[in-house]
Protein chains: 2
Amino acid sequence: MPAPARPRGPKPTRMDPDQILDAALAVFAREGLHAASLRAIARQAGCDPALIYYHFDSKEAMFAALLARRFPPIRQELGRLAEETGERPTALRLWEAIRILHRHLKDDPGIRSLIRGEIVRGAEGLSDLIKEQIRPIALSIRQLLAEGVARGDLRAEVQPSLTTFFLVRMELEILDLVPTVLPRVLDLPPGDAVANGLATWFDLYWRGIARDPSMPLPPLPRLDA
Amino acid sequence: MPAPARPRGPKPTRMDPDQILDAALAVFAREGLHAASLRAIARQAGCDPALIYYHFDSKEAMFAALLARRFPPIRQELGRLAEETGERPTALRLWEAIRILHRHLKDDPGIRSLIRGEIVRGAEGLSDLIKEQIRPIALSIRQLLAEGVARGDLRAEVQPSLTTFFLVRMELEILDLVPTVLPRVLDLPPGDAVANGLATWFDLYWRGIARDPSMPLPPLPRLDA
DNA sequence: CCCATGATTCAACATCTGTTGAATTGGAGT
DNA sequence: ACTCCAATTCAACAGATGTTGAATCATGGG
């Protein structure tokens with residue numbers, strides 16, 4: 001006859017699946033996607049690892065839920081920007097794209113390391129999940145660039161696909177690497193490293209693609225809000 | 001009484017530690033640094049996992065040996081380029097830096113994914129090992145840029161630290177991501193993607209930093225050899 | 001008041017990881 | 001021919017990982 005009588009049962013407070021996602025994001029942010037263990041996520045969320053399997057089918061499903069929560073708003077905003085038929089000059093539209101990405105990604109190192117980790121693995125690692133989320137974003141920006149060429153604001157030689165890649169990748173790189181790596185490797189004083197980095201980058205980028213690079217950039221709205 | 005009589009003993013052919021490093025590199029290239037297991041490396045090398053511990057103290061030591069084999073030649077070439085006191089215009093010197101990096105890294109996806117993986121992890125992940133190997137490389141390029149400013153070839157506002165970062169990071173990104181990710185996400189036809197990407201990038205970069213961006217680039221030597 | 005159902009936990013599983021100690025072999029030196 | 005050492009392998013360790021089945025609790029409905 002066994003004598004089991006241990007305090008199991010649920011915590012008094014219910015656990016919202018969103019709280020688990022928050023915890024997962026936090027752990028991904030500091031451990032990387034691959035190294036983040038379910039037990040670490042559960043510890044961060046303050047629950048049992050098995051509970052995660054009650055709310056999500058698997059680790060991968062949790063990952064998918066994370067993407068589904070973060071990407072659609074970005075897609076929508078960039079989509080609106082690309083469809084917009086106003087008179088805004090190309091430089092301002094591109095800067096607006098950077099601002100949108102920045103607003104949505106700057107406080108979410110988890111999703112960034114997650115994107116990078118999966119994308120960087122290469123062709124087969126780029127899970128179709130991520131590809132589907134990212135593709136519309138890239139297409140919107142490519143459209144901005146193509147229209148810039150058509151309007152004559154950009155050089156005729158500009159290759160929209162490649163320059164889209166330059167823009168988006170460097171945005172991510174600056175967010176993650178400039179504040180941490182640059183001070184250690186190149187003795188750059190931290191300070192407002194990210195804002196300075198992005199502004200400098202856009203200035204360089206714009207001179208690189210503009211038909212008339214000597215024409216100074218219009219005053220750009222600040223990065224946040 | 002046990003009855004042990006199994007065929008142990010060494011393989012007929014001795015195993016050069018360099019062969020193990022080659023195998024490690026191959027596995028790192030396709031699995032990523034973190035996910036690459038010693039057993040997978042041993043399988044690739046065709047030896048027992050324990051043998052790796054005979055030649056190297058640990059996985060980390062093997063990693064260090066990999067870096068020590070690859071980086072010093074790059075450091076030397078870039079160092080010579082930075083010290084060179086000739087008349088070569090700044091644009092050609094910078095393009096030469098890109099060519100040097102390209103020559104040494106283009107056939108070594110293992111070392112690239114290894115650099116990226118460790119660097120991207122952020123501040124504490126950037127092991128001092130890598131930092132010490134990379135720092136001199138970055139410093140050489142920064143010196144090229146600073147001299148370009150001093151000579152009046154580059155804009156006065158150019159920030160050498162940041163623009164060094166732009167140059168080096170995008171080189172790595174192009175090598176790894178342009179051929180694999182771009183065709184899948186942005187429908188870019190593969191073909192000579194890397195060479196085209198690097199040339200396009202340098203053209204954009206140069207217009208971004210040059211004092212006179214309208215002055216066309218001099219003819220650039222081909223990337224390889 | 002009872003019971004069904006949803007939420008939570010415990011304990012265990014098989015598997016993989018880096019690492020080590022002891023056993024075994026081949027060949028070089030004498 | 002014998003010895004000794006370097007090189008290699010086997011088997012096992014302790015710990016971590018993703019996952020699952022069954023047990024437990026809390027609570028709302030009848």
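In what follows, chains are A, B, ... by sequence order, proteins preceding strands, each numbered from 1.
Applying the 4.0 Å criterion to OP1 and OP2 of D/dA6, one finds that B/His55 has every side-chain N and O outside that range. Contact annotation: A/Ser37 side-chain N/O to D/dT17 OP1/OP2 distance is under 4.0 Å.
By the salt bridge (Lys or Arg N to Asp or Glu O under 4.0 Å) test, A/Glu147 is found to be paired with A/Arg93, residues two or more places apart in sequence or in another chain being considered.
In this structure, A/Ala36 reaches the sugar-phosphate backbone alone: every heavy-atom distance under 4.0 Å involves primed, P, OP1 or OP2 atoms, never a base.
In the set C/dG18, C/dA12, C/dT9, the nucleotide with an atom closest to the side chain of A/Asp48 is C/dT9. Here D/dT9 is the nucleotide among D/dT9, C/dA12, C/dT19 with the atom lying nearest to any side-chain atom of B/Cys47.
Protein atom CG of B/Asp16 is 17 Å distant from nucleotide atom P of D/dA6, rounded to whole Å. Atom pair B/Tyr54:OH and C/dA22:P shows a separation of 17 Å (rounding to whole Å applied). For B/Tyr53 and D/dA7, the OH to C1' distance is 18 Å, given to the nearest whole Å. Rounded to an integer number of Å, the gap from CZ of B/Phe56 to P of D/dA7 is 12 Å. Between the CD1 atom of B/Ile52 and the P atom of C/dT17 there is a distance of 12 Å, rounded to whole Å. Residue A/Leu38 contributes atom CG, which lies 19 Å from atom P of C/dT15 at whole-angstrom precision. Atom NZ of B/Lys59 is separated from atom C1' of D/dA16 by 14 Å (rounded to the nearest Å). Straight-line distance from the CE atom of A/Met62 to the C1' atom of D/dT19: 13 Å, rounded to whole Å.
Judged purely by distance below 3.5 Å, without hydrogens or angles, the side chains of B/Gln133 and B/Arg70 never pair a donor atom with an acceptor atom. A donor and an acceptor atom, one from each side chain of A/Thr180 and A/Asp176, are nowhere located under 3.5 Å apart.
The aromatic rings of B/Phe166 and A/Trp201 stand perpendicular to each other, their planes meeting at an angle above 60°, with 30° marking the opposite boundary.
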